[in-house]
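Note that the structure is predicted; figures quoted are calculated from it, not measured. Residue numbers start from 1 in every chain, and the chains themselves are labelled A, B, ... in the order their sequence lines are given, proteins ahead of strands.
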Amino acid sequence: MRIATWNVNSLRSRIDRVEAFVQRHEIDVLALQETKAREDQLPLMGLQALGYDIAVAGTNQWNGVALISRVGLDDVEVGFPQQPPFGDPAAAESRAIAATCGGVRIWSLYIPNGRKPDDPHYVYKLDWLARLRESADSWLDGQTAMVGDWNICPTDDDVFDVKQFAKSTHVTPPERAAFQGFLDDGWAEVTRAHAPGYTYWDYYRQRFERDRGLKIDFVLASPTLASRVTGAFIDKDERDPAQGTGSPSDHAPVVVDLS
DNA sequence: ATGGTTGACGATCAA
């Protein structure tokens, strides 16, 4: 089975790319983030015609997650819709959706960005991660994957220039500790060993062309699922403005193969 | 410190 995760930065504007991507790589399950639309706005007929079932969560233009599967899509669950403490409904919505696909429980996650370390959204990010970790502990026994945009660079190697991020989110010790907490609990990050390199490049300053990016998209697997991983790769072509139709997402998809 | 780019119920905000 082949699964993938992709922060698509608007599913409406990227639907042609998504359809081409799942066909090109014969993807069985695709987790999407930043879909940026309600389900009734999404042109999903093409994916359905290709044999995919679709589950969508999200109602605003910033967040939104989805799961697309051609190997079953059962027991769909929308997770962690709690309001942030400062009461910003836009930040609260639709950051997690789960389904069982081909016997694997898959969570598509869009961890809160945090904006700035002194912003209330940063507190919300850490709180959200703590809540996810609490729930995730009970999922370790199964064949479970938590995939998506974690908005954390776990190591200095995951940032093109650490000095430039001195006053930024994604690299602060509390964020890294939050990520490490999942690993301490027994989750395995299964993409890094097979697929080094960045997964995100900002749109401006020709960051992609100069390979000045971040590694923030990860697949965390429960022990039994991790033992099934045979490979992984980052589809950098999908981030290349010179390839495909229209502008690319600022993230590249990450693909993982399971035995 | 600022700017640069992209997307969306666009006249700014979020990333």
Side-chain angles (χ1 to χ4, degrees), chain A residues 5-19 21 31-44 56-66 81 83-96 108-129 148-153 158-172 175 198-218 236-254:
Chain A
T5 179
W6 189 9
N7 181 324
V8 72
N9 187 17
S10 169
L11 185 48
R12 265 181 291 182
S13 66
R14 229 75 73 189
I15 189 68
D16 291 346
R17 283 177 173 268
V18 170
E19 290 174 10
F21 169 75
L32 294 165
Q33 300 87 36
E34 289 203 67
T35 48
K36 294 189 173 181
R38 300 184 311 270
E39 183 167 11
D40 61 274
Q41 298 173 303
L42 293 171
L44 302 173
V56 171
T59 62
N60 67 51
Q61 71 261 50
W62 296 298
N63 304 320
V65 287
Q83 293 282 330
F86 44 90
D88 180 347
E93 288 190 351
S94 306
R95 297 182 170 277
S108 177
L109 303 175
Y110 179 55
I111 276 68
N113 174 284
R115 300 189 185 179
K116 297 270 174 58
D118 61 355
D119 192 295
H121 287 83
Y122 176 83
V123 178
Y124 172 58
K125 179 180 194 174
L126 296 177
D127 181 58
W128 201 94
L129 283 160
D149 178 357
W150 290 76
N151 272 317
I152 297 171
C153 300
D158 303 325
V159 193
F160 68 88
D161 183 356
V162 179
K163 288 192 288 291
Q164 201 169 126
F165 278 72
K167 293 178 179 171
S168 304
T169 58
H170 293 55
V171 301
T172 66
E175 289 168 283
Y198 305 131
T199 63
Y200 161 87
W201 299 258
D202 223 316
Y203 279 121
Y204 40 74
R205 288 192 158 188
Q206 297 194 301
R207 288 260 172 89
F208 178 77
E209 287 76 0
R210 298 186 294 148
D211 197 28
R212 295 171 73 78
L214 306 176
K215 194 175 188 65
I216 53 177
D217 298 273
F218 297 104
K236 279 183 71 174
D237 287 349
E238 197 53 72
R239 176 62 184 86
D240 189 345
Q243 308 214 33
T245 47
S247 63
S249 169
D250 42 4
H251 293 248
V254 181

(message) Measure CG/A:Asn60 against P/B:dG7 and give the value in whole Å, please.
(response) 17 Å
Output one line per pair: protein atom, nucleotide atom from nucleotides 4-6 of chain B, and distance, for all N/O pairs under 3.5 Å.
residue	atom	partner	partner atom	Å
B:dT6	O3'	A:Ser247	OG	3.4

(request) Under 4.0 Å between any heavy atoms, over every strand shown, what does A:Tyr110 touch: base, sugar-phosphate, or nothing? Just pick one. (result) sugar-phosphate
(request) Please state how far atom NZ in A:Lys125 lies from atom P in B:dA14, giving the value in whole angstrom units. (result) 16 Å
(message) Could you work out, with side-chain hydrogen bond (donor to acceptor under 3.5 Å, both in side chains) as the rule, every residue matching A:Asp250, not counting sequence neighbours?
(response) none
(request) Mind calculating the distance between CD1 (A:Ile15) and C1' (B:dA8) to the nearest angstrom? (result) 17 Å
(request) Can you tell me the distance, in whole Å, between the CD atom of A:Glu34 and the P atom of B:dA14? (result) 13 Å
(message) Looking at B:dG7, I'd like to know if its phosphate oxygens (OP1 or OP2) sit under 4.0 Å from a side-chain N or O belonging to A:Arg12.
(response) no
(request) With P as the reference atom in both, quote the distance from B:dT2 to B:dG7 in angstrom, rounded to an integer. (result) 26 Å
(request) Quote, to the nearest angstrom, the C1' distance that separates B:dG10 from B:dA15. (result) 15 Å
(request) With sequence neighbours excluded, tell me which residues meet side-chain hydrogen bond (donor to acceptor under 3.5 Å, both in side chains) with A:Trp150. (result) none
(request) Would you please name every residue forming a side-chain hydrogen bond (donor to acceptor under 3.5 Å, both in side chains) with A:Ser168, sequence neighbours left out? (result) none
(request) Send over the distance from A:Trp62 CH2 to B:dA8 P, rounded to a whole Å. (result) 13 Å
(request) Let me know, please, whether A:Ser10 or A:Asp250 comes out on the 5' side of the other along DNA chain B by nearest nucleotide. (result) A:Ser10
(request) Calculate the interatomic distance between A:Gln164 atom CD and B:dT2 atom P; express it in whole Å. (result) 14 Å
(message) How many whole angstroms separate atom CZ of A:Arg115 from atom C1' of B:dC13?
(response) 8 Å
(request) In whole angstrom, give the distance that lies between atom OH of A:Tyr122 and atom C1' of B:dA15. (result) 18 Å
(request) Using side-chain hydrogen bond (donor to acceptor under 3.5 Å, both in side chains) as the criterion, list what pairs up with A:Thr35, not counting sequence neighbours. (result) none
(request) Please work out which of the three classes, parallel, tilted or perpendicular, describes the rings of A:Phe208 and A:Trp201, given edges at 30° and 60°. (result) perpendicular
(message) Quick check on B:dC9: is either OP1 or OP2 less than 4.0 Å from any side-chain nitrogen or oxygen of A:Gln41?
(response) yes
(request) Run through A:Thr199, A:Asp217, A:Asp149 and flag the one making a side chain to side chain donor-acceptor pair (under 3.5 Å) with A:Asn7. (result) A:Asp149
(request) Pick the P atom in B:dC9 and in B:dG4, then give their distance to the nearest Å. (result) 25 Å
(request) State which residues pass ring pair (Phe, Tyr, Trp, His ring centres under 6.0 Å) with A:Tyr203; sequence neighbours excluded, sorted by chain then number. (result) none
